[in-house]
Amino acid sequence: MVSIFKEVIRATRPFSIPIEKSCGSSTGLLKTFIPFSQLQEIKLLEQKINSILDSCISVTQLKQVHAQIVRKGLDQCCFVLAKLVRMLTKFEVPMDPYPRNILSQVHFANPFMYTSLIRGYLIQGSFEKSVSLYGEMWREGISPVSFTITAFFKACGAELNVDLGRQFHGQIMKFGGFTQDIYVGNTLIDMYVKCGWLDCGRQVFDEMPERDLISWTTLIVAYAKRGNMLAAVELFDRLPVKDMVACTAMVTGFAQNGQPREALEYFEKMQSMGVDTDEVTLAGVISACAQLGAAKYASWIRDVAEKSGFGPADSVVVGSALIDMYSKCGSVEEAYNVFIIMRVRNVFSYSSMILGFAIHGCAKEAIALFEEMLKTDVKPNAVTFLAVLTACSHAGFVEQGQQFFEMMEKRSCCAPQEDHYACLVDLLGRAGRFEDALELIKTMPMKSNGGVWGALLGACRIHVNPDVAEIAAGHLFELDPNHVGNYVLLSIIYASAGRWKDVSRIRKLIRTKGLIKNPACSLVEGEKGVIHEFYSDDLTHPKSAEIREELQGLLHKLKLQGYQPLLSSAPYDVSDEDKKRILMAHSEKLALGYMLLTTDAGSVIRIIKNLRTCEDCHSFMCAASQVTGREIIIRDNMRFHHFQNGTCSCNNFW
DNA sequence: ATAGGGTTAG
C-alpha cells in the first residue's frame with residue numbers, strides 16, 4: 001500500500017504549537033479577555049451541557065442541544081462541541097456534512113475537536129478522510145493527543161490493516177512521548193494481536209514502562225485465542241490483582257479451546273476469590289457446561305445465573321447460551337422453555353434453538369421455528385441456515401432442504417459457504433442420492449474440501465456404498481493424509497460390505513503411516529455431579545469388575561430378546577470371539593454398565609461420547625432400553641439418540 | 001479513549 005501518511009510527514013511540526021492558539025483552555029474562548037470569575041461560570045455551564053449531551057437518546061435531541069449551545073454563546077467551545085461530535089458518531093450520523101461543518105465554524109479548534117471527527121471517520125470506515133483531517137490538524141499547528149493515536153490504532157486493528165498500523169507505530173516512535181502512554185500502549189498491543197502479530201504485541205507489552213490490568217488481559221486473551229492456554233495461565237498467575245474481566249478471559253479461553261473442565265475450575269476459583277460474575281462470565285461457563293453435557297452442573301449454573309440477576313428473561317446472551325447448553329445436555333424441552341421465557345431474542349437465540357431441535361431429530365419443530373423467525377425482524381445468518389439444513393438432513397426432508405438452500409442463494413447477504421454445501425451433500429447422501437451429491441460437488445463454486453467429501457463418506461457408511469466411499473476417501477486422504485478417522489470410516493464401510501481383504505489393507509495402511517486412533521471416550525455424570533470417564537477396553541475404573549458382570553448379565557438377557565453382536569462394527573483381523581469381546585468393551589457400554597449399577601431404576605441415563613457411536617452399540621442400546629425399562633440418552637459427536645422402549649429417536653438414520 | 005461475549009456438519 002502506498003503511504004497515506006505522506007501528507008502528515010510533510011506537515012509535521014511536532015510540539016511547536018503557536019502560543020496564541022493553545023493557551024491551555026479547552027473552551028476556545030480566550031481570544032477575548034474574560035475575567036476569572038466568569039471563566040468559572042462558563043466551566044460550570046460546559047459541564048452541565050456535557051451531561052445533557054450524555055443523556056441524549058436521539059439525533060433530534062442532539063441537534064436541539066446544539067441549537068441551545070449556539071444560543072448560550074458557546075458556539076466556539078470545543079469541549080462541548082467535541083462531545084457533540086462523539087455523540088453524533090454514537091448514533092451513526094455520517095461525518096459529512098453535518099458534524100464536519102461544526103469544525104469549520106470553530107475559529108480555534110483544539111485536539112479533541114479534531115480527534116472526535118477523526119475517530120468518527122475511522123469508525124465509519126473513511127480511512128482516507130481521517131488521515132487527511134489528521135494532516136490538516138498538524139498544519140493548523142495542533143498536536144495530536146493520546147486519544148487521537150488510540151483512535152488510529154483501534155481502527156487499524158478493526159480493519160486488520162497491520163501495514164498501516166506499523167507505519168503509524170513507526171511515526172509516533174519518532175516523536176516519542178506517546179509510547180509511554182498506557183492507553184496508547186494497550187491499544188497498540190491489541191492492534192498487533194488482532195492482526196495476528198502476537199509477538200509484536202508481546203514486544204510492546206514487554207517494552208512498556210508501566211502495565212495495567214488491561215495490558216495483561218489483552219495479552220491473556222490473545223494467547224487464549226491462539227489456543228496457547230499455557231502462556232495464558234502463566235500470565236494470569238503473574239497478575240497481582242485479578243478482576244472479573246481477567247478471570248472471565250480465562251474461563252472463556254478454556255471453554256473456547258475445548259477444555260470445559262478447566263473452565264469450570266477457574267470459574268469456581270473465581271467465586272472463591274470473591275470476584276463478581278456478570279453475563280459475559282456466565283456465557284463462558286454455560287458454554288463449558290454445554291461441551292461437558294453435564295446436566296447437574298447445568299441446573300446449578302442456571303441457578304447462579306438467576307440469582308445474579310442475569311436469568312434468560314433478562315439477558316439475551318445468557319438465554320441463548322442456556323438454550324445451547326440444555327439442548328447439548330440432552331433436554332430440548334428445557335431449551336425450549338428458556339427460549340419461551342426470553343424477553344428479547346436475537347439471531348443467536350433462534351439459531352441455537354433451531355440447531356437444538358435439529359440434533360434431537362425434531363425436524364418439523366426446527367423448520368416451523370425457522371419460518372416463524374422469517375416473520376420477525378431477526379435476520380437469519382449463515383449459522384441459522386446451517387441449523388435448518390441440518391434439521392432437514394436428519395429427517396430426510398430433501399426437497400425442503402433444497403428449497404432452503406435456494407433461499408440462501410437468492411439472498412445476497414448469505415451466499416452458501418463450504419459448510420452449507422457439505423450439509424446439502426449430507427442431505428442428498430443420506431437420502432441415497434449419490435449421483436446428485438457428486439454432481440453438486442462438481443458444480444460448487446468453491447474448491448471441494450474435506451467437508452463435502454467427509455459428508456459423502458458418512459453417507460456411504462449408512463448406505464454401505466464402498467464404491468463411492470473410495471472416491472470420497474481418495475480425496476480426503478489427499479487433503480489430510482494423517483486424519484485417522486477417515487481411514488477408520490472406510491474400513492468400517494468395507495467391513496459392512498464384507499470386503500475383509502480391503503479392511504486389512506486399510507488397517508495395514510494405518511499402521512505403516514504410524515497413525516494412532518483417537519481413543520473413544522464416554523462420560524457420565526454420577527452421584528453428586530461427579531463425572532466418570534470411560535475409555536474403550538479400559539479397566540482402570542474402580543468398579544470395573546462389577547461393570548463387566550453387570551454387562552454380561554445384560555448381554556444374556558438381550559440375546560434372549562434376539563440381539564446379536566454386529567461383528568462388522570469391529571473391523572479387526574481377529575477371531576469372532578475376540579470381536580465380541582472388543583464390542584462389549586466399547587466405552588458407551590461400560591458407561592451404561594456403570595449407570596445401571598449405581599443409579600435408581602426411574603432415572604434417565606445420559607452418556608456423552610466423543611466419537612460417533614457404532615452400529616452395534618446403537619442396536620445394543622435399543623434393546624437395552626427395552627429390557628431394562630430405562631430411558632437412555634446418548635450424545636455422540638454428531639447428535640442425540642433417545643433410546644426408549646426398544647427404539648431410537650434417530651430412526652436408525654444417523 | 002484501551003481488556004472479557006453466546007450458536008457452526010458429518
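Chain letters run A, B, ... following the sequence lines, proteins first, then strands; residues in each count from 1.
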Looking at every strand, decide which applies to [X] at a 4.0 Å heavy-atom threshold: base, sugar-phosphate, or nothing.
{"X": "A/Ala422", "result": "base"}
{"X": "A/Lys328", "result": "sugar-phosphate"}
{"X": "A/Val316", "result": "base"}
{"X": "A/Met250", "result": "nothing"}
{"X": "A/Val383", "result": "base"}
{"X": "A/Asp419", "result": "base"}
{"X": "A/Ser146", "result": "base"}
{"X": "A/Ser215", "result": "nothing"}
{"X": "A/Thr150", "result": "base"}
{"X": "A/Ser320", "result": "base"}

How long is the line joining [atom1] of [X] and [atom2] of [N], in whole Å?
{"X": "A/Leu235", "N": "B/dA3", "atom1": "CG", "atom2": "P", "answer": "17 Å"}
{"X": "A/Gln291", "N": "B/dG6", "atom1": "CD", "atom2": "P", "answer": "10 Å"}
{"X": "A/Ile214", "N": "B/dA3", "atom1": "CD1", "atom2": "C1'", "answer": "5 Å"}
{"X": "A/Glu418", "N": "B/dA9", "atom1": "CD", "atom2": "P", "answer": "14 Å"}
{"X": "A/His169", "N": "B/dT2", "atom1": "NE2", "atom2": "P", "answer": "19 Å"}
{"X": "A/Gln256", "N": "B/dG4", "atom1": "CD", "atom2": "C1'", "answer": "10 Å"}
{"X": "A/Met325", "N": "B/dT8", "atom1": "CE", "atom2": "C1'", "answer": "19 Å"}
{"X": "A/His463", "N": "B/dG10", "atom1": "NE2", "atom2": "P", "answer": "14 Å"}

Minimal non-hydrogen separation, A/Phe147 against A/Ser116, with atom names: CE2-OG, 4.3 Å

From the set [options], return the single nucleotide nearest to any side-chain atom of [X].
{"X": "A/Asn186", "options": "B/dT7, B/dT2, B/dG6", "answer": "B/dT2"}
{"X": "A/Asp181", "options": "B/dT7, B/dA1, B/dG4", "answer": "B/dA1"}
{"X": "A/Phe147", "options": "B/dG10, B/dA3, B/dA1", "answer": "B/dA1"}
{"X": "A/Leu355", "options": "B/dA3, B/dA9, B/dT2", "answer": "B/dA9"}
{"X": "A/Leu386", "options": "B/dT2, B/dG4, B/dT8", "answer": "B/dT8"}
{"X": "A/Ser352", "options": "B/dT7, B/dG6, B/dT2", "answer": "B/dT7"}
{"X": "A/Glu279", "options": "B/dG5, B/dA1, B/dA3", "answer": "B/dG5"}
{"X": "A/Asp243", "options": "B/dA3, B/dG6, B/dG5", "answer": "B/dA3"}
{"X": "A/Asp212", "options": "B/dG6, B/dG10, B/dT2", "answer": "B/dT2"}
{"X": "A/Tyr183", "options": "B/dT8, B/dA1, B/dG4", "answer": "B/dA1"}

Would you say [N] has OP1 or OP2 under 4.0 Å from some side-chain N or O of [X]?
{"X": "A/Ser287", "N": "B/dT7", "result": "yes"}
{"X": "A/Lys90", "N": "B/dA1", "result": "no"}
{"X": "A/Lys154", "N": "B/dT2", "result": "yes"}
{"X": "A/His420", "N": "B/dT8", "result": "no"}

Face-to-face contact A/Phe348 to B/dG6 six-ring, under 5.5 Å, under 30°: yes

Flag for [Y]-[X]: side-chain donor and acceptor within less than 3.5 Å:
{"X": "A/Asp212", "Y": "A/Asn186", "value": "yes"}
{"X": "A/Tyr114", "Y": "A/Arg119", "value": "no"}
{"X": "A/Thr187", "Y": "A/Asp190", "value": "no"}
{"X": "A/Tyr326", "Y": "A/Arg302", "value": "yes"}

Check: A/Tyr266 ring centre within less than 6.0 Å of A/Phe236 ring centre: yes

Cationic N near anionic O, under 4.0 Å, A/Arg461 to A/Glu615: yes

Base B/dG10 to side chain A/Asn637, donor-acceptor N/O within 3.5 Å cut-off: no

Distance-only donor-acceptor test, A/Ser351 side-chain atoms vs B/dT7 base atoms, 3.5 Å: yes

A/Ser308 side-chain N/O to A/Phe310 backbone N/O, donor-acceptor pair under 3.5 Å: no

